[in-house]
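Side-chain atoms are counted along with the backbone in the values below, which use heavy atoms only and exclude waters and symmetry mates.
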Amino acid sequence: MRVMNDLPIIRPDATILIAGATASGKSALALRIAEQYGGVIVNADASQVFDCWRVVTARPSVIDEKRAPHLLYGHLPYDSPYSTGHWLRELTPLLNGPDRLIIVGGTGLNFTALTKGLADIPLVPNQIREDGNTLALSELIVQTDPATLARIDTNNRARVQRAWEVERATGRPLHDWQDNTGPPLLPLDETVPIVVDVPKPTLDTRIAQRFDIMIEEGALDEVKKMQSMYDPRLPAFKAIGVPDLMDHLTIGTSLEVACKSAVTATRQFAKRQRTWMRSKMQDWHWVST
């Protein structure tokens with residue numbers, strides 16, 4: 001892995017993939033490439049798909065959306081289920097379309113599933129998902145296959161619960177499904193894969209500054225509009241910063257404390273993203289911003 005300042009060669013026939021930690025500048029890079037080389041920007045972020053969030057998830061602005069076509073942003077209601085499988089199903093017809101795609105986001109699992117394949121796991125019944133929601137993380141871990149746990153971040157409740165649900169629903173551990181994965185929708189060698197990398201001190205500063213800007217631009221008002229619908233089990237309400245601002249609105253946490261908590265959570269999330277990318281994306285082009 002070598003970090004460079006210049007972009008790799010942008011082949012005219014290749015889909016462009018842009019990954020990076022939150023606040024790394026990947027959306028700005030996608031827009032720059034779209035304007036310079038042409039293409040449609042496609043979202044690969046798990047939280048920016050929901051129509052209730054623009055500011056708090058740093059979704060591209062209305063002005064940016066006018067500068068280049070954007071797809072799969074803010075197109076789902078707050079109570080929609082969403083996963084890597086949902087994202088791949090939405091992306092598939094776009095891959096066969098006439099436009100070059102510039103796929104950008106911080107959800108590393110989406111890119112891995114796209115370029116390496118995703119196991120065809122049956123849908124999990126709602127009752128099993130609801131049962132999982134009632135269990136503590138420690139209980140989910142104890143009840144999940146150890147070989148699967150060795151492959152995932154066991155501090156990430158969503159990942160652990162997903163493994164628990166699959167095992168309960170199918171009678172097979174998640175790693176068994178993963179080991180029988182089909183071919184990828186888009187092999188990596190047919191793409192220009194880019195990771196936007198930023199030194200940790202710079203990234204930490206950007207995260208804090210960006211959250212201040214989010215508050216100034218109405219993130220709290222955005223969350224307040226969704227207060228009566230709040231359900232922490234729904235994917236939409238797991239967006240970074242939302243639980244902290246909800247605590248301010250519902251249990252009286254001071255705004256200062258809520259913002260500090262959100263910044264800390266964002267930095268922790270960025271650390272996990274960077275760890276994932278350094279582990280899974282060694283053969284991508286790494287650029288600095």
Task: Validation row: T134, E130 side chains within 4.5 angstrom (heavy atoms) - done: no

Task: salt bridge (charged side-chain N to carboxylate O under 4.0 Å, His left out) pairs, two or more places apart, involving residues 178-189 - done: R151-D179

Task: Donor-acceptor contact below 3.5 Å, side chain W284 vs main chain V192 - done: no

Open item on the list: Could you measure the distance from the CE atom of M281 to the CG atom of L188? Nearest 0.5 Å is fine.
Closed with: 9.0 Å

Open item on the list: Going by side-chain contact (heavy atoms from CB on, under 4.5 Å), name the residues that satisfy it together with A208, two or more places apart in sequence or in a different chain.
Closed with: V263, R267

- [ ] Could you tell me whether I9 atom CD1 has more than 12 heavy atoms of other residues or ligands within 6.0 Å of it?
- [x] no

- [ ] Check whether any side-chain N or O of S254 sits under 3.5 Å from a backbone N or O of V257 as a donor-acceptor pair, and report yes or no.
- [x] yes

Task: salt bridge (charged side-chain N to carboxylate O under 4.0 Å, His left out) pairs, two or more places apart, involving residues 237-262 - done: E256-K260

- [ ] May I have all residue pairs that pass ring pair (Phe, Tyr, Trp, His ring centres under 6.0 Å) and include part of residues 130-168, sequence neighbours excluded?
- [x] none

Open item on the list: Between L149 and I141, is there a side-chain heavy-atom distance shorter than 4.5 Å?
Closed with: yes

Open item on the list: With a 3.5 Å distance limit and no angle check, can you tell me whether R274 reaches the backbone of V198 through a side-chain donor-acceptor pair?
Closed with: yes

Task: Under 3.5 Å: donor-acceptor pair, side chain of Q227, backbone of V223 - done: no

Open item on the list: Any side-chain to backbone donor/acceptor pair from D51 onto H75? Under 3.5 Å, distance only.
Closed with: no

Open item on the list: I want to check something: taking the side chain as every heavy atom from C-beta on, are L249 and L220 in contact at a cut-off of under 4.5 Å?
Closed with: yes

- [ ] Determine, using the 4.5 Å side-chain heavy-atom cutoff (strictly less than), whether V40 and F111 are members of one ILVMFWY cluster.
- [x] yes

TODO: Report the distance from atom SG of C259 to atom CE of M214, rounding to the nearest 0.5 Å.
DONE: 11.0 Å

- [ ] With the side chain counted from C-beta on, respond yes when L114 and I103 share a heavy-atom pair under 4.5 Å apart, and no when they do not.
- [x] yes

TODO: Without swapping roles, check the side chain of K26 against the backbone of G20 for a donor-acceptor pair under 3.5 Å.
DONE: yes

- [ ] Using the test salt bridge (charged side-chain N to carboxylate O under 4.0 Å, His left out), find all partners of R206 that sit at least two apart in sequence or belong to another chain.
- [x] none

Task: is_close_aromatic(F237, Y230), centroid dist under 6.0 Å - done: yes

Open item on the list: Between E222 (side chain only) and R54 (backbone N and O only), is there a donor and an acceptor less than 3.5 Å apart?
Closed with: yes

Open item on the list: Side chains of S288 and D197 only: does a donor on one sit below 3.5 Å from an acceptor on the other?
Closed with: no

Please output the side-chain donor-acceptor pairs of residues 91-100 that fall under 3.5 Å, not counting sequence neighbours, one pair per line with the distance.
{"unit_1": "T92", "atom_1": "OG1", "unit_2": "L88", "atom_2": "O", "d": "2.7"}
{"unit_1": "R100", "atom_1": "NE", "unit_2": "G38", "atom_2": "O", "d": "3.3"}
{"unit_1": "R100", "atom_1": "NH1", "unit_2": "R11", "atom_2": "O", "d": "3.0"}
{"unit_1": "R100", "atom_1": "NH1", "unit_2": "A14", "atom_2": "O", "d": "2.8"}
{"unit_1": "R100", "atom_1": "NH2", "unit_2": "R11", "atom_2": "O", "d": "3.4"}

Open item on the list: Surrounding CZ of R272 (heavy atoms of other residues, nucleotides or ligands, distance under 6.0 Å), is the total greater than 12?
Closed with: yes

Task: Spacing of F50 atom CZ and R59 atom CZ [to the nearest 0.5 Å] - done: 11.5 Å

TODO: Using the rule that two of Ile, Leu, Val, Met, Phe, Trp, Tyr join whenever any of their side-chain heavy atoms come within less than 4.5 Å, decide whether W87 and W177 are in one cluster.
DONE: no

Task: Closest contact, heavy atoms only, G106 versus D45 - done: N-OD2, 4.1 Å

- [ ] Indicate yes or no: at least one non-hydrogen side-chain atom of I121 is less than 4.5 angstrom from one of L174.
- [x] yes

Task: Spacing of CG belonging to L109 relative to NZ belonging to K116, to within rounding of 0.5 Å - done: 11.0 Å

- [ ] For residues 131-149, pull every pair meeting salt bridge (charged side-chain N to carboxylate O under 4.0 Å, His left out), keeping only residues two or more places apart or in separate chains.
- [x] none

Task: side-chain contact (heavy atoms from CB on, under 4.5 Å) partners of V142, counting only residues at least two apart - done: none

- [ ] Say whether, by atom type as modelled, one donor and one acceptor occur between the side chain of N156 and the main chain of I152 under 3.5 angstrom.
- [x] no

Task: Heavy-atom pair with the smallest gap, counting every atom of M277 and A19 - done: CE-CB, 4.1 Å

Open item on the list: When you compare the side chains of S47 and W53, does any donor N or O come within less than 3.5 Å of an acceptor on the partner?
Closed with: no

- [ ] Would you name the heavy atoms of I194 and L29 that are closest together and state the gap between them?
- [x] CG2-CD2, 4.2 Å

- [ ] Would you check if the side chain of R172 reaches a backbone N or O of V166 as a donor-acceptor pair within less than 3.5 Å?
- [x] no

Task: Nearest non-hydrogen partners of G132 and L140, listed with the distance - done: O-CD2, 4.1 Å

Task: Exercise: identify the closest heavy-atom pair between A23 and I207 - done: CB-CG1, 3.8 Å

Open item on the list: So that I can tick it off, tell me whether K225 and D221 are bridged by a salt bridge, with the cut-off set at under 4.0 angstrom between side-chain N and carboxylate O.
Closed with: no

Open item on the list: For P125, give me all partners under side-chain contact (heavy atoms from CB on, under 4.5 Å), at least two apart in sequence or on another chain.
Closed with: I128, A169

Open item on the list: Taking E35 first and then R67, would you say they form a salt bridge - that is, a charged N and a carboxylate O separated by under 4.0 Å?
Closed with: yes

Task: V104 to Y73 - nearest heavy-atom pair and separation - done: CG1-OH, 3.4 Å

Task: salt bridge (charged side-chain N to carboxylate O under 4.0 Å, His left out) involving E165 - partner list, sequence neighbours excluded - done: R129

Task: Contact list for residues 14-24, test side chain to side chain donor-acceptor pair (under 3.5 Å), sequence neighbours left out - done: T22-R210

Open item on the list: Looking at S80 and L76, would you say the former's side chain and the latter's main chain have a donor-acceptor pair under 3.5 Å?
Closed with: no

- [ ] Return the set of residues passing side-chain contact (heavy atoms from CB on, under 4.5 Å) with E190 (not counting sequence neighbours), or none when no residue passes.
- [x] L186, P187

TODO: Could you check if a side-chain atom of T170 sits within less than 4.5 angstrom of a side-chain atom of V124, using non-hydrogen atoms only?
DONE: no

Open item on the list: Rounded to the nearest 0.5 Å, what separates atom NZ in K66 from atom CG in D64?
Closed with: 11.0 Å

Task: Spacing of H70 atom NE2 and S61 atom OG [to the nearest 0.5 Å] - done: 8.0 Å

